[in-house]
Amino acid sequence: MDIAVYGKGGIGKSTVSANLSAALAGSGARVMQIGCDPKHDSTRLLMHGESLPTVLEYLRTVGKENGELSEILKEGSFGVGCIEAGGPRPGVGCAGRGIISAFEFLDRHRAREGYDVTVYDVLGDVVCGGFAVPVRREYADAVFLVTSGEFMALYAANNILRGIRNFDGDKYQRVAGIIYNERLLEDEDGRVRRFAEAVGLPICAKVPRSSSFARAEQQNRTLMELEDCQAEQEIFRGLAGQISDEMRLYEARPLSDEELERVVLSKEQSESAAGNGTAKVFQREDRSEQCLQERQPERREAESERPQAERPPLYGCAFNGAATAAVNLTDALVIVHSPRACAFYTWQNISSPGRKNLYNRGILMPSAISPHLECTDMKQEDVVFGGMDRLRTAVREAMKRGPKAIIVISSCVSGIIGDDIRQLEEWSTEELPVITIPADGDIAGDYMEGIRLCLHTIAGKLIDRSVAPQENCVNLIGEAGVGNNRASNYRIFQNWMQKLGIRVNCRFLGGAKREEVNGFLRAPLNLLAADTADNRELKDWLTEQYGCRFLEGALPVGAAAAERWLRKLGVFFDCEEQAEALISGQMEAYQREIEALRPQLAGKRVFLTTINVNLDWLLSVLVDLGMEVCFIGVLNYLRQTVKVSDHPEKYPIDEAFNGDRTEELLADLKPDIVVANYATQKNSDAYLVDALPMTPAIGFTAGIEVAKRWAQLLRYQRKGGWMDDRALFEKYFS
């Protein structure tokens with residue numbers, strides 16, 4: 001039978017466990033005691049003061065796949081097998097994970113085989129997943145709660161019942177009862193009795209306050225080995241006699257915090273009320289929940305009036321977002337403090353679009369193809385004992401390679417165990433700053449929160465506030481971290497700036513060097529790469545923190561938007577003539593493309609479903625080509641306003657479209673081209689299917705490029721689909 005003895009730290013559970021093990025062994029049972037407390041002193045009395053090597057320290061030396069059980073299992077008094085799980089140094093690592101690792105080793109070596117009873121002595125202040133392992137059904141058949149009448153001891157006992165309840169619900173009975181370790185407090189018997197009655201458990205034994213225990217500890221012996229303490233020994237023999245496969249067990253029925261206070265403190269409360277001449281019932285000072293309920297109608301009304309926050313799709317956790325943004329500081333080295341799997345997921349997220357663009361389109365994205373990102377490769381021992389030594393080694397080695405900056409990002413794992421990566425900022429120098437970003441995975445938030453955290457941190461650490469503005473230069477703010485059009489859009493933008501005589505000072509962070517971020521404030525004007533909620537938030541933050549000035553709007557998509565934007569830029573930098581010349585040349589090229597495409601596309605009917613809410617850039621091209629828009633279905637899960645500047649009433653727009661009626665609408669409207677962000681429709685003889693870019697190209701020809709592809713696809717379209725793979729295969733290879 002396996003028994004778990006839980007109790008608050010310092011309540012005497014190790015003394016109780018050791019004497020219970022000795023009593024069980026004295027009755028003829030083969031007994032093993034496993035100490036599950038980082039202090040690793042559970043078996044000290046059974047081992048006559050000898051300190052055992054702990055499972056975790058042993059595993060740290062030999063590795064989790066190696067080791068012999070005999071190295072950590074020792075025989076104590078009465079033949080009791082003694083094992084100490086151990087734990088990390090105080091303040092580092094995760095002791096709960098250590099318990100799990102120790103149990104995995106013991107299970108692998110079948111440590112419990114050959115013993116009739118296993119006694120787990122477990123710290124009960126912390127009932128996290130690791131310390132709750134011994135209470136799982138595959139380990140503990142019965143659970144004893146060691147407590148005194150102190151409120152915090154009873155609070156810990158009640159929390160243990162909550163843990164058991166979480167595992168068992170009301171389907172199992174595994175609680176043996178309460179072992180009452182007396183402390184001679186006022187009304188202590190009453191407190192323990194009231195708690196036991198309230199949770200429906202028996203008091204299996206009362207251990208009196210006795211000098212015999214102190215005498216035994218002075219001799220490093222269990223009480224069962226001493227003479228002249230028969231009464232105390234009989235208590236443990238009686239407790240050992242209750243333990244059998246037929247013993248009665250009980251369901252865990254924990255109290256709420258309010259019930260616990262009322263039950264345990266009821267006598268003091270009634271006496272206090274009587275002394276005050278009132279019949280007032282004890283109440284908690286904290287009324288925050290009650291106040292919240294009282295304000296609930298007002299809060300609900302306010303929430304209903306506030307529009308839902310505009311949010312982009314979620315691509316992962318804050319760790320992933322922070323790393324994706326950080327690699328765009330091109331001369332820095334990014335070190336992620338994480339297991340290898342976390343780094344691999346992030347690496348794939350960054351590099352897969354780069355590989356796709358390179359192989360399919362010949363577009364080179366250096367930061368995506370080979371992101372300068374390294375991983376500390378945290379192991380299980382780092383989780384248990386703390387991973388700061390491994391991180392310090394990684395940073396120390398990285399500093400030798402001469403990067404311009406080192407960025408350290410924490411993950412869920414390093415955040416949970418409490419590794420304080422901020423310590424490494426003490427190594428920063430003017431020549432080599434060490435920047436730490438505690439983006440502890442999902443703990444810190446989602447992907448976009450990680451990007452925000454990274455950008456704010458890098459700005460705060462690197463932007464030099466003493467730099468004075470210079471003429472004719474701009475910063476480009478908020479390029480997509482990973483996007484198919486980022487490189488091509490920047491080429492278009494850079495070409496414009498060259499023709500206007502404007503220098504790009506810093507891309508924050510679209511491929512910037514540390515020196516460029518240092519000199520961020522040289523640019524008198526900042527330009528948003530895209531009009532998104534997160535970019536607008538970044539704009540507001542930079543304006544507040546650094547007094548930055550921004551041009552209205554973002555990099556334009558479509559001919560009309562580009563014309564307006566370039567004119568505003570020309571006015572700011574006093575280069576209107578250059579701007580007008582640029583606009584004139586671009587519009588002439590636009591008109592030539594329209595004239596070339598109109599014969600093929602005029603009169604074609606377009607059925608459009610999209611998550612894009614800025615439709616001006618596409619609709620204006622369709623109008624110029626003489627095409628007919630028969631339906632626009634907006635999958636508007638971001639709750640944004642659909643932007644159609646040119647007479648929106650003439651377009652059949654459904655802003656609450658969910659796709660359910662697609663087949664019905666296609667049959668009724670008979671379009672020539674079906675366009676969506678994702679090509680989910682099958683090609684048909686009746687219409688052509690194409691995908692619309694979620695991030696369109698900037699500039700005058702964004703819609704032109706889409707229309708060119710339609711014209712090409714329609715040219716090759718024939719019965720059986722525009723690309724009959726089977727026919728081609730049979731023609732050339734059969």
Looking at every heavy atom in both [X] and [Y], which two are closest together, and how far apart are they?
{"X": "C630", "Y": "L669", "answer": "O-CD1, 3.8 Å"}
{"X": "G703", "Y": "W617", "answer": "N-CE3, 3.6 Å"}
{"X": "A702", "Y": "A697", "answer": "CB-O, 3.1 Å"}
{"X": "A439", "Y": "A318", "answer": "CB-O, 3.8 Å"}
{"X": "C317", "Y": "G441", "answer": "CB-C, 3.7 Å"}
{"X": "L625", "Y": "A707", "answer": "CD1-CB, 3.7 Å"}

Is there a side-chain contact between [X] and [Y], using heavy atoms and a 4.5 Å cut-off?
{"X": "W710", "Y": "L597", "result": "no"}
{"X": "F550", "Y": "L527", "result": "no"}
{"X": "I416", "Y": "R97", "result": "no"}
{"X": "V674", "Y": "V606", "result": "no"}
{"X": "L476", "Y": "L555", "result": "yes"}
{"X": "L509", "Y": "V517", "result": "yes"}
{"X": "V336", "Y": "E374", "result": "no"}
{"X": "V634", "Y": "I653", "result": "yes"}

To the nearest 0.5 Å, what is the distance between [atom1] on [X] and [atom2] on [Y]?
{"X": "K670", "Y": "L665", "atom1": "NZ", "atom2": "CG", "result": "11.5 Å"}
{"X": "I407", "Y": "L333", "atom1": "CD1", "atom2": "CG", "result": "8.5 Å"}
{"X": "M448", "Y": "N320", "atom1": "CE", "atom2": "CG", "result": "11.5 Å"}
{"X": "I421", "Y": "D419", "atom1": "CD1", "atom2": "CG", "result": "9.0 Å"}
{"X": "F167", "Y": "R136", "atom1": "CZ", "atom2": "CZ", "result": "5.0 Å"}
{"X": "L569", "Y": "E552", "atom1": "CG", "atom2": "CD", "result": "13.0 Å"}

Does [X] use its side chain to pair, donor to acceptor, with the backbone of [Y] at less than 3.5 Å?
{"X": "K539", "Y": "L528", "value": "no"}
{"X": "N535", "Y": "A530", "value": "yes"}
{"X": "T330", "Y": "A512", "value": "yes"}
{"X": "D446", "Y": "E449", "value": "yes"}
{"X": "N489", "Y": "I698", "value": "yes"}
{"X": "H337", "Y": "C375", "value": "no"}
{"X": "S411", "Y": "D440", "value": "no"}
{"X": "R709", "Y": "A691", "value": "yes"}
{"X": "T457", "Y": "L453", "value": "yes"}
{"X": "T324", "Y": "I350", "value": "no"}

Around [X], counting heavy atoms of other residues, nucleotides and ligands shown, do more than 12 lie under 6.0 Å from its [atom1]?
{"X": "R567", "atom1": "CZ", "result": "yes"}
{"X": "F344", "atom1": "CZ", "result": "no"}
{"X": "K461", "atom1": "NZ", "result": "no"}

Quick one, V474 with N526, criterion side-chain contact (heavy atoms from CB on, under 4.5 Å). Give me CA distance, side-chain angles, the key distance, then yes/no. CA-CA 6 Å; V474 294; N526 297 275; over 6 Å; no
Given F319, which of I409, D442, V413, I443 fulfils the side-chain contact (heavy atoms from CB on, under 4.5 Å) condition? I409
Applying side-chain contact (heavy atoms from CB on, under 4.5 Å) between N475 and each of L542, N505, L525, report the one that passes. N505
Begin from the C-alpha positions of R452 and D534 and carry the test side-chain contact (heavy atoms from CB on, under 4.5 Å) through to its verdict. CA-CA 8 Å; R452 185 180 302 111; D534 292 285; 2.7 Å; yes
Could you tell me if the ring centre of F631 sits under 6.0 Å from that of Y651? no
For the residue pair F520 and F508, is the inter-centroid distance of their aromatic rings smaller than 6.0 Å? yes
How far apart are the C-alpha atoms of Y447 and N349, what are their side-chain angles, what is the distance that settles it, and do they pass the side-chain contact (heavy atoms from CB on, under 4.5 Å) test? CA-CA 11 Å; Y447 181 89; N349 182 64; 3.7 Å; yes
Does any pair with a residue in residues 587-607 pass side-chain hydrogen bond (donor to acceptor under 3.5 Å, both in side chains), and if so which ones, sequence neighbours excluded? Y590-D624, E593-K708, E595-R598, Q600-R715, R605-E628
Taken in chain and number order and not counting sequence neighbours, the residues that satisfy side-chain hydrogen bond (donor to acceptor under 3.5 Å, both in side chains) with R507 are E479
Flag the pair D331 and K513 as a salt bridge only when some basic side-chain nitrogen lies within less than 4.0 angstrom of an acidic carboxylate oxygen. no
Take L618 and L692 through the side-chain contact (heavy atoms from CB on, under 4.5 Å) test and state the conclusion after the steps. CA-CA 10 Å; L618 181 62; L692 189 70; 3.9 Å; yes
